[in-house]
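Every chain is numbered from 1 and lettered A, B, ... according to where its sequence line falls, protein lines coming before strand lines.
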There are 2 protein chains.
Amino acid sequence: MAEIDTRLRILDAAEALFMEFGFEATTLRQITGKAQVNLAAVNYHFGSKEALIQELFKRRLAWLNEQRIQALDRLEAEAKGAPLKPSQILDAFFGVAVKMAGDRVGGGRNFMRLLGRTYTEPSEFVRNFMAAEYSEAIARFKKALFKALPDVPREEILWRFHFMLGAMSYAISGADALHIVAEAPVDDSDSDALYARLMSFLIGGLRAPLPEILTKSTRNSAGKPRTRKAA
Amino acid sequence: MAEIDTRLRILDAAEALFMEFGFEATTLRQITGKAQVNLAAVNYHFGSKEALIQELFKRRLAWLNEQRIQALDRLEAEAKGAPLKPSQILDAFFGVAVKMAGDRVGGGRNFMRLLGRTYTEPSEFVRNFMAAEYSEAIARFKKALFKALPDVPREEILWRFHFMLGAMSYAISGADALHIVAEAPVDDSDSDALYARLMSFLIGGLRAPLPEILTKSTRNSAGKPRTRKAA
DNA sequence: GTAGAATTAAAACACACGTTTGAAACGGAT
DNA sequence: ATCCGTTTCAAACGTGTGTTTTAATTCTAC
C-alpha cells in the first residue's frame, strides 16, 4: 500500500507541477509537499531530480509512441502495401496525442502540455532523451509519409512534419496561450472539436503547394549529405 | 562609453544565454561574466533579474510589433478599403518575424528563438507581459483576417492563428529541435528558404476546408467520432 | 581643479535549492 | 518473537542563487 504508491504519487505530483511551473522552477519540496511524501523520497526512489524527470517522460512517452506505432500498423495491414492517405498517417500520429491530451483524469493532459513545451527545451539531456525515445516512432512515420507523398521532396516533408509538431504543441498547450490572441476566454474543453480543428489545419498545411523556391532547383551549391540515395 | 554601454552589454548577453539555457537556468553570474560587467550591475541598472527579462522583451517586442503594424498599414493603404488577401496578412505578420529571426548579427535570432518558447511559458508574469505587448498588433491582425475571411467563423480563425504561431515558433526554433525528426543534420541557415517553406504551410493550413464538426451545427456530438462515440 | 552625482567594484548577505545522513518504522519470512 | 531488508522520516549539509551593502572609481559641471 505504501511502497510503490509513493513512486506514483511523486510522478503524478511532479507532472502537474512541472507543467505548471517548468522544470527548473519546480522544487522537490513542492513536489513532495503535493504528493504528501517525505522530501527524501524523491532521491530514494529515483536518485535525483534529473532521473525523476527522465522516468516521468519514459512512462508516458513509451506508451504514447507504442500507441502511435500500433495505429500505424493497423493502417498498413489494412492497406496491404498500398500507400496510405496522408490524413490517415496524421490521424495515427496526432490523434493519439490529442486524445491523451484530452484525458484530464489520468494526468495525460498535464503530460502532453509539458511535452509540447519540452520539445524545444534548452536543456540538452532532456532533448537527447526525447530524441532517443521518439526515434522508432518518428522513423516509422517518416517512412509512411515518404511513401504517401512520393512527389514531395523528403526534406520538405520533414520541415512540414516539424511545423505540424509546432501547431500540435500550441493546440495542446491550449487556452492558456490562446488567450493572448483571443482576449476573450476560449473553450478548449472539447477535445474532439480541438482535434477536428487541428487536423483540418494540418492536412491543409501538409498538402499545400510547394514553395516556388523549391520547385525550381535546390537553390544551393554545397552538396548536402543526402542520407538516402535509392528510394 | 561606459554608462549606457553596460546596459546594452547586459541585455545582449542575457538574450543569448536565456535562449541557450532558459530563464531559470541562467544565472546573473553567467550574464555578467559574458557581458564582462560587475555582478551588481544588473541590479543597479535594472533592479532585478525579473525586470531585466521584461526590459529585454520590451525592446525587441515593441520594435517587432511596430514593424508588423506598419506593414499592415501599407497593405491596407494600397487596398483602399478592399479586403486583403490572407497571404498578404500572413506575410506582414510572419514575414517580419522570420526576417528578424534570420538576423544573426543583431541578436534578433536569439530573441526570436527565445520568444517562440516563451509564448507557452509557464511563468505568469512573462505571459501577462507578452499579452500586453502583443495586444495592439494582435487586434489589428485579427480584424484584418476577419475581414479577409468573412465566411470563416471567427473562433476558427483564432484557433488557426494560434496553430500558425505554433508552427512559426517551431520553424524559428530551427534545427535544434528539427534534428529530432530529421536525424541527419538539417540546413536552416537560409532564412529565405525557411520563410518560403513556412508560408506555404501556413497558407495551406489557414485556407483548409473547415472541419465537418463545425460546418454542421456549432459543435456537438455529431460529426467525426474518432474513438469515443458520443451517444 | 574640485565638489557632487553616477557608476563600478568587491564582498558579504540571507535564503532556498538538491542532496545526504542516520535513525526510526515497517513488512514479510522464519 | 525475532530478524533483516526496505521504506519513511526529520534534520542537516554544502552549494549557488539573487540581492544588498559599502567603498572605490569615474564622469559631469562649475
J.: So, B/Lys58 and B/Glu133, do they make that salt bridge, N to O below 4.0 Å?
T.: no
J.: OP1 or OP2 of C/dA16 sitting under 4.0 Å from any side-chain N/O of A/Thr27?
T.: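 For C/dA16, OP1/OP2 do not have a side-chain N/O of A/Thr27 under 4.0 Å.
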J.: Picking from C/dA6, D/dT19, C/dT19, which would you name as closest to the side chain of B/Tyr44?
T.: C/dA6
J.: Considering only side-chain heavy atoms of B/Asn38, which listed nucleotide, C/dA9, C/dT19, D/dC9, is closest?
T.: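 Closest of the options to the side chain of B/Asn38: C/dA9.
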J.: Which heavy atom of B/Ala41 sits nearest a heavy atom of B/Val37, and at what distance?
T.: CB-CG2, 4.1 Å
J.: Ignoring backbone atoms, test whether B/His45 places a side-chain nitrogen or oxygen under 4.0 Å from the OP1 or OP2 oxygen of C/dT8.
T.: yes
J.: Between the base of D/dG16 and the side chain of B/Arg29, is there a donor-acceptor distance below 3.5 Å?
T.: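 Such a pair does not exist between side chain and base.
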J.: In whole angstrom, what separates A/Ile53's CD1 from C/dC17's C1'?
T.: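 Those two atoms, CD1 and C1', are 14 Å apart.
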J.: Using atom CD of B/Gln30 as one end and atom C1' of D/dT17 as the other, report the distance to the nearest whole Å.
T.: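 It is 11 Å, rounded to the nearest whole Å.
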J.: Counting side-chain heavy atoms from CB outward, which of D/dC9, C/dA10, C/dT19 is closest to A/Leu28?
T.: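 Output: C/dT19.
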J.: Does a side-chain N or O from A/Ser48 land closer than 4.0 Å to OP1 or OP2 of C/dG18, or not?
T.: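 Answer no for this pair, as no side-chain N or O of A/Ser48 is under 4.0 Å from OP1 or OP2.
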J.: Verify the ring-centre separation between B/Phe161 and B/Phe93: is it less than 6.0 angstrom?
T.: yes
